[in-house]
Each structure stands twice: as C-alpha cells, then as structure tokens.
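Inspection log for the structure reproduced underneath, given as structure tokens.
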Amino acid sequence: MSVVIDLTVEIEVTEEQQEAINIIDSCLQQAAKVEEIPDVQVSITITNNQEIREINAEHRGMDRPTDVLSFPLYEVEEEWILEEGEEAVAIGDIVISLDRAIEQANDYGHSLSREMGFLAVHGFLHLLGYDHETPEQEKEMFRSQELILDQVGLRR
C-alpha cells in the first residue's frame with residue numbers, strides 16, 4: 001500500500017512553499033493506507049492560476065482558475081490494470097494551483113502545508129472514485145479527507 005508520485009513543479013517556489021509541497025508524499029502514503037489500496041502511481045503537477053485556468057477551460061469548459069483538478073484513468077478500482085513490468089498501477093493525474101493554495105490557506109487561517117495536503121488528498125480521493133455531487137457523497141469524502149489529514153498532523 002504505497003503511492004509512487006511523479007511530481008512536477010512547473011513554477012519557481014520559495015523554500016517554505018517547497019516544504020509545503022513536500023508534505024504531499026506523506027499525505028498520499030497515509031491515504032493509501034486508510035483506503036487500503038494496492039500500490040499505485042500518480043502524477044502531480046504544481047502550477048499557477050494561469051496554467052490551471054487553461055487546463056480547466058480545456059477539460060471542463062470553465063474558463064477560470066481552480067485549486068485542484070483530478071484526471072482519473074479509471075472509473076472504479078476494479079478496472080485498475082497493472083501492466084507487465086510495472087510495480088504500481090497508474091491511476092491518474094492531479095494538478096494543483098500553488099497560487100490558489102496560498103490564497104485559501106490565508107482565507108482559512110491555516111498553514112500552506114495544511115492546504116497543500118488537503119488539495120492533494122482531495123484530488124487523490126477523486127482518483128479513487130470519491131465525489132461530492134450529493135450531500136451524502138460530500139460528507140463521506142470530507143470525512144475521509146479529515147481523517148487522513150489528522151493522521152499526518154495537519155489538523156484544522
């Protein structure tokens with residue numbers, strides 16, 4: 001139960017911002033344990049508002065920046081296919097806007113590390129099939145997010 005992360009940081013970051021980005025690994029490792037999933041691989045891109053706005057417009061038809069986007073390769077875990085020679089199943093991509101993470105950390109009054117952890121876990125749970133279209137789905141997803149973040153010490 002581990003996550004192989006292919007991390008790309010497309011923008012220049014400060015030392016403090018890099019520390020917040022580094023927390024993503026422990027958050028996703030904990031998420032894999034909590035969700036009891038096999039070894040998986042995810043690609044994570046850290047970018048800015050302009051780039052995520054373009055991706056959001058292209059893929060979702062929403063011409064505005066957002067905080068996190070997830071692009072699952074499969075709809076349900078039962079479809080996951082481990083290709084020959086691979087050690088982990090590639091399950092999708094997550095894109096996070098560092099600009100939005102900074103804004104939201106300030107708005108919510110918590111650390112950038114907490115916000116980056118939240119966004120990464122949120123995106124990861126989407127890759128696992130979670131959604132928040134209904135109140136019940138939202139409650140289940142946010143309960144899982146908070147449990148994972150609490151376990152890595154990123155409490156509100």
Side-chain angles (χ1 to χ4, degrees), residues 1-35 37 40-75 77 90-156:
M1 286 185 248
S2 69
V3 182
V4 176
I5 300 172
D6 177 20
L7 179 67
T8 303
V9 180
E10 296 184 335
I11 55 176
E12 288 197 32
V13 297
T14 67
E15 188 175 316
E16 175 190 357
Q17 293 165 343
Q18 185 60 55
E19 288 176 16
I21 292 167
N22 292 343
I23 200 77
I24 290 172
D25 183 70
S26 59
C27 291
L28 296 192
Q29 300 307 327
Q30 187 61 35
K33 288 178 188 170
V34 167
E35 294 297 317
I37 59 172
V40 297
Q41 186 269 327
V42 297
S43 294
I44 300 178
T45 302
I46 308 298
T47 192
N48 59 27
N49 278 348
Q50 178 61 29
E51 291 299 318
I52 207 165
R53 182 196 64 76
E54 291 174 14
I55 296 167
N56 202 21
E58 178 182 341
H59 293 278
R60 297 178 64 221
M62 300 176 150
D63 191 10
R64 59 183 166 86
T66 189
D67 52 4
V68 62
L69 293 169
S70 298
F71 299 98
L73 293 176
Y74 304 99
E75 294 205 16
E77 185 177 338
I91 62 170
D93 304 318
I94 300 169
V95 182
I96 298 173
S97 169
L98 182 60
D99 294 339
R100 290 289 295 210
I102 293 167
E103 293 166 16
Q104 291 173 176
N106 290 331
D107 290 348
Y108 294 123
H110 56 238
S111 71
L112 180 57
S113 291
R114 201 298 180 178
E115 189 64 21
M116 289 298 289
F118 171 82
L119 295 175
V121 169
H122 186 86
F124 186 72
L125 290 178
H126 275 303
L127 296 182
L128 299 183
Y130 281 80
D131 213 336
H132 44 82
E133 295 297 315
T134 68
E136 295 81 20
Q137 290 174 331
E138 182 177 46
K139 184 177 181 180
E140 179 183 2
M141 185 173 189
F142 279 75
R143 181 176 46 241
S144 292
Q145 287 171 172
E146 291 306 316
L147 172 67
I148 293 161
L149 294 171
D150 283 352
Q151 289 178 350
V152 294
L154 294 175
R155 292 175 180 81
R156 278 194 161 188

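This chain uses plain numbering: 1 for the first residue, then up along the sequence. FYI, side chains are in, hydrogens and waters are out, and symmetry mates aren't considered; it's all heavy atoms of this structure.
Once rounded to the nearest 0.5 Å, the distance linking CG of L73 with CD of Q41 reads 8.5 Å. Rounding to the nearest 0.5 Å gives a distance of 11.5 Å between CG of L28 and CD of E35. In this structure, CZ on R143 lies 8.5 Å from OH on Y130, to the nearest 0.5 angstrom. If you take CZ on F71 and OG on S43, they are separated by 12.0 Å, rounding to the nearest 0.5 Å. With rounding to the nearest 0.5 angstrom, the CD1 atom of I23 is 9.5 Å from the CD atom of E19. Distance check: I44 CD1 to I5 CD1 gives 4.5 Å after rounding to the nearest 0.5 Å.
Atom CD of E16 sits in a sparse spot, with 12 or fewer heavy atoms from other residues, nucleotides or ligands closer than 6.0 Å.
Of all non-hydrogen atoms in M116 and A20, the two that sit nearest each other are CB-O, 3.6 Å. Heavy-atom minimum distance, S70 versus L127: CB-CD2, 4.0 Å. Listed here is the closest heavy atom pair of R100 and P65: NH1-O, 4.3 Å. Looking at every heavy atom in both residues, C27 comes nearest to L149 through SG-CD2, 4.1 Å.
Judged purely by atom type and a 3.5 angstrom limit, Q137 uses its side chain to pair as donor or acceptor with the backbone of T134. D99 places a side-chain N or O within 3.5 Å of a backbone atom of N49 that can act as its donor or acceptor partner. For the pair R53 (side chain) and D63 (backbone), a donor-acceptor distance under 3.5 Å is absent. A donor-acceptor distance shorter than 3.5 angstrom exists from the side chain of Q29 to the backbone of V3, with no hydrogens or angles considered. Side-chain atoms of Q17 come within 3.5 Å of backbone atoms of T14 as a donor-acceptor pair (strictly under, hydrogens ignored).
Within the 4.5 Å cutoff, side-chain heavy atoms of L7 are placed close to those of V9. At a threshold of 4.5 Å between non-hydrogen side-chain atoms, the residues F118 and Y108 do not count as touching. Between S144 and L125, the closest side-chain pair of non-hydrogen atoms falls below 4.5 Å. By the 4.5 Å heavy-atom criterion applied to side chains, L112 and L98 are counted as neighbours. Using a 4.5 Å heavy-atom threshold, the side chains of L119 and F124 count as separate. With a 4.5 Å cut-off on side-chain heavy atoms, V40 and L128 do not count as touching. A 4.5 Å side-chain heavy-atom check between I94 and L69 finds every atom pair outside the cut-off.
Of the options I24, I52, T8, V95, a side-chain contact (heavy atoms from CB on, under 4.5 Å) to I46 is made by I24 and by none of the others.
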Verdict with supporting geometry, Q151 and V34, side-chain contact (heavy atoms from CB on, under 4.5 Å) = CA-CA 10 Å; Q151 289 178 350; V34 167; 3.2 Å; yes
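Between E146 and R114 there is a salt bridge, since at least one side-chain N of the basic residue sits less than 4.0 Å from a carboxylate O of the acidic one.
Between H122 and H126, the ring planes lie perpendicular to each other; the angle is over 60°, past the 30° to 60° tilted range.
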